[in-house]
K.L.:
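Please find one structure pasted underneath; my questions will follow.
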Amino acid sequence: MTTAIVLFRRDLRLNDNPALSAAYASHSRVLPLYIHTENEDAPWQLGGASRWWLHHSLRALHEQLRERGGQLHLCKGNTLPSLRDVIEHSGTRAVYWNRRYEPAAIARDTHVKQALREQGIEVHSYSATLWREPWQVQTKQDAPYRVFTPYWRSVRPTLSVVEPLPEPTGVEWADIPGSAPLEAFELLPRIPWYKAFGESWCPGERGAWDMLELFCDDALRDYAAARDRPARHGTSRLSPHLHFGEISPQQIFHALHRHAQRIDTRRRPDIEPYLRELGWREFAYHLLYHFPRTPVESFNPRFADFPWAPDDDALLRRWQQGRTGIPLVDAGMRELWQTGWMHNRVRMVVASLLTKNLRQHWLHGARWFWDTLVDADLANNTLGWQWVAGCGADAAPYFRIFNPVSQAQKFDPDGTYLRRWLPELAQLPNDLLHEPWKDASVAQRTGYLPPMLNLQASRAAALGAYASWHA
DNA sequence: CCGCAGTTGGA
DNA sequence: CCAACTGCG
């Protein structure tokens, strides 16, 4: 009669959870544990929006366990002392977890594993958030891939539909006295800016599957085109669920495949474009593993002396608050603030404006996204910002500067997205909605600010600065 | 060593 | 057409 600890981290699910299944296979009792380590992930400790999500996801997991006669044991503190405490009070000799891939987490886990083993505790770790471990994918020259297309060409053919692990049934859940209340984590920020998040999101394993079902029923068929239209719910919106491991890529692949198979061949949706996006996520994790300094340093070393404009707080604040006077940018930043999420197409546009037109360092944008996105993810955030800024792996070339007006006209032609997030402009006809500055009276009538920059001039200045630096 | 190709654009 | 460069096989 032995007990095993299952340490939950970014795997807040009971299905397809290798650590949980393995623990249950070898032990008669399982003690589910979550440790709130306030600072171990510094400088990338959880941002505000992520904290909101985590709060609700932990509550959801706790409820799931209660329905099964158990409960999630919560403690606050550093991982090793907290684990030792629980080990001592529960008489446990084995700890199971699923791996994480952020540099700080790897260092921490390596240390904890070694320390526990030295005191005679078994530690077992598993792969649960990626299709392939980062060290398993290499070029013919035994180097990590730096370009997505060859990476994907090498990985995709090796992926197959695998039956996900079922939730273990009949588990005897263990607990010890002294669990902290969830409120003790103080995860909900003092400023209740997140009060509308609940209208968009349902954190937790069940919420993840509801979202996936919505995607299958609605957007999947038309994904390749619809995913570029910010007014539509054309994307999967699974990113925060994936980040916290409420659902795994394996489960998604399996579910999409099964869903597609049930539809007759002529109307069967093509799941490849979406799998490719999951491939980007996988690629981002692999890059972060192989290039652990990229969260703070440009992937391309040439950019070490890139002439970013001097930091400008006033300018940054207007960008953050959605007060730039550029409709698509302001709409996106307000969507982010109000829902904790922004459509990917719009993310590229706001990031391009900050890093290219305004020439602010990409880290300023990355940090804001880190704090405000419910799907803030070190691997994806780093890759995304460096890609837009032009200093990343497989990055956009410097001369590719998004024009927010033409992007809006192309992907939100009827202005639905702009009107949703810029209600003060909702009454304008489409041409003025896309370019409110064309009528000087709009600013007075609506209170909408005149643009803080000239798109053409700032573009030319950015190209000029790049060219003279590059020469 | 050679050849091919490279997420998302703008004017 | 903007620039060439390099990752990869």
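Labels below follow one simple rule: chain letters A, B, ... track the order of the sequence lines, proteins then strands, and each chain is numbered from 1.
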K.L.:
When all nucleic acid strands are considered with a 4.0 Å heavy-atom cut-off, which category describes A:Glu277: base, sugar-phosphate, or nothing?
P.N.:
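Base contact - A:Glu277 has a heavy atom under 4.0 Å of at least one base atom.
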
K.L.:
Anything under 4.0 Å to a heavy atom of chain A counts; send over the first and last such nucleotide of DNA chain C, read 5' to 3'.
P.N.:
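With heavy atoms of chain A under 4.0 Å away, the range is C:dC2 to C:dG9.
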
K.L.:
Check this for me: does any side-chain nitrogen of one of A:Arg258 and A:Glu163 sit under 4.0 Å from a carboxylate oxygen of the other?
P.N.:
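No, no charged N to carboxylate O under 4.0 Å.
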
K.L.:
Only counting residues at least two apart or in another chain, list the ones meeting side chain to side chain contact (heavy atoms under 4.5 Å, CB included) with A:Ile106.
P.N.:
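Counting only residues at least two positions away or on another chain, A:Ile106 forms a side chain to side chain contact (heavy atoms under 4.5 Å, CB included) with A:Thr110, A:Tyr289.
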
K.L.:
Distance check, C1' atoms only: C:dG7 and B:dC1, in whole angstrom units.
P.N.:
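Looking at atom C1' only, C:dG7 and B:dC1 are 15 Å apart.
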
K.L.:
Examine A:Arg302 relative to A:Trp469 and say whether NZ or CZ is less than 6.0 Å from the centre of the six-membered ring and inside a 45° cone about the ring axis.
P.N.:
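Geometry flag: set, cation within 6.0 Å and 45°.
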
K.L.:
Considering only nitrogen or oxygen atoms on both sides, find all protein atoms under 3.5 Å from nucleotides 9-11 of chain B and state each distance.
P.N.:
unit_1: B:dG10; atom_1: OP1; unit_2: A:Asn403; atom_2: N; d: 2.7
unit_1: B:dG10; atom_1: OP1; unit_2: A:Asn403; atom_2: O; d: 3.4
unit_1: B:dG10; atom_1: OP1; unit_2: A:Ser406; atom_2: OG; d: 3.4
unit_1: B:dG10; atom_1: OP1; unit_2: A:Gln407; atom_2: NE2; d: 3.4
unit_1: B:dG10; atom_1: OP2; unit_2: A:Gln407; atom_2: NE2; d: 3.4
unit_1: B:dA11; atom_1: OP2; unit_2: A:Asn403; atom_2: ND2; d: 3.4

K.L.:
Verify whether the ring centers belonging to A:Tyr223 and A:Phe215 lie closer than 6.0 Å.
P.N.:
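Ring centres of A:Phe215 and A:Tyr223 closer than 6.0 Å.
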
K.L.:
Using a heavy-atom cut-off of 4.0 Å across all strands, would you classify A:Arg227 as base, sugar-phosphate, or nothing?
P.N.:
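Base contact.
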
K.L.:
What is the distance from CZ of A:Arg153 to P of B:dA5, rounded to the nearest Å?
P.N.:
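Rounded to whole Å, this separation is 9 Å.
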
K.L.:
Do any side-chain atoms of residues 422-432 of chain A form donor-acceptor pairs under 3.5 angstrom with protein atoms, and if so which ones, sequence neighbours left out?
P.N.:
unit_1: A:Glu424; atom_1: OE1; unit_2: A:Arg334; atom_2: NH1; d: 3.4
unit_1: A:Glu424; atom_1: OE2; unit_2: A:Arg334; atom_2: NH1; d: 3.2
unit_1: A:Glu424; atom_1: OE2; unit_2: A:Arg334; atom_2: NH2; d: 3.4
unit_1: A:Asn430; atom_1: OD1; unit_2: A:Arg419; atom_2: NH1; d: 3.2
unit_1: A:Asn430; atom_1: OD1; unit_2: A:Arg419; atom_2: NH2; d: 3.1

K.L.:
Using a 3.5 Å limit for the pairing distances, which stems of at least 3 consecutive Watson-Crick or G-U wobble pairs does DNA chain B take part in?
P.N.:
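DNA chain B stems, ordered by first number: B:2-6 with C:5-9.
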
K.L.:
Considering the options A:Trp131, A:Phe148, A:Trp152, which one meets the ring-ring contact (aromatic ring centres under 6.0 Å, His included) requirement together with A:Phe283?
P.N.:
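Between A:Phe283 and the candidates, ring-ring contact (aromatic ring centres under 6.0 Å, His included) is satisfied uniquely by A:Phe148.
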
K.L.:
Centre of A:Trp341's six-membered ring, under 6.0 Å away, within 45 degrees of the axis: is that where NZ or CZ of A:Arg237 sits?
P.N.:
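That pair does not qualify as a cation-pi contact.
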
K.L.:
Among residues at least two apart in sequence or on other chains, which ones pass side chain to side chain contact (heavy atoms under 4.5 Å, CB included) with A:Glu297?
P.N.:
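Checked A:Glu297 against side chain to side chain contact (heavy atoms under 4.5 Å, CB included); matches are A:Arg293.
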
K.L.:
Using the test side-chain hydrogen bond (donor to acceptor under 3.5 Å, both in side chains), find all partners of A:Trp53 that sit at least two apart in sequence or belong to another chain.
P.N.:
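Counting only residues at least two positions away or on another chain, A:Trp53 forms a side-chain hydrogen bond (donor to acceptor under 3.5 Å, both in side chains) with A:Glu246.
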
K.L.:
Mind jotting down which residue pairs meet the salt bridge (charged side-chain N to carboxylate O under 4.0 Å, His left out) criterion with at least one end in residues 308-323 of chain A? Sequence neighbours excluded, please.
P.N.:
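Sorted result for residues 308-323 of chain A: empty, none.
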
K.L.:
Among residues at least two apart in sequence or on other chains, which ones pass side chain to side chain contact (heavy atoms under 4.5 Å, CB included) with A:Ala396?
P.N.:
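For A:Ala396, the residues satisfying side chain to side chain contact (heavy atoms under 4.5 Å, CB included) (neighbours in sequence not counted) are A:Trp387, A:Arg400.
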
K.L.:
How would you list all residue pairs meeting salt bridge (charged side-chain N to carboxylate O under 4.0 Å, His left out) that involve residues 338-349 of chain A, not counting sequence neighbours?
P.N.:
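Passing the test, one end in residues 338-349 of chain A: A:Asp228-A:Arg345, A:Arg347-A:Asp375.
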
K.L.:
May I ask you to list the residues of residues 381-394 of chain A, by number, that have any heavy atom positioned under 4.0 Å from an atom of DNA chain B?
P.N.:
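Within this stretch, A:Trp387, A:Asp394 sit under 4.0 Å of the strand.
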
K.L.:
Just grab all the side chain to side chain donor-acceptor pair (under 3.5 Å) pairs involving residues 350-361 of chain A, residues at least two apart or on different chains.
P.N.:
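Matches after skipping sequence neighbours: A:Asn357-A:Ser458.
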
K.L.:
Measuring only the P atom in each nucleotide, how far is C:dA3 from B:dA5? A whole number of Å is fine.
P.N.:
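Each nucleotide's P atom is 23 Å from the other's.
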
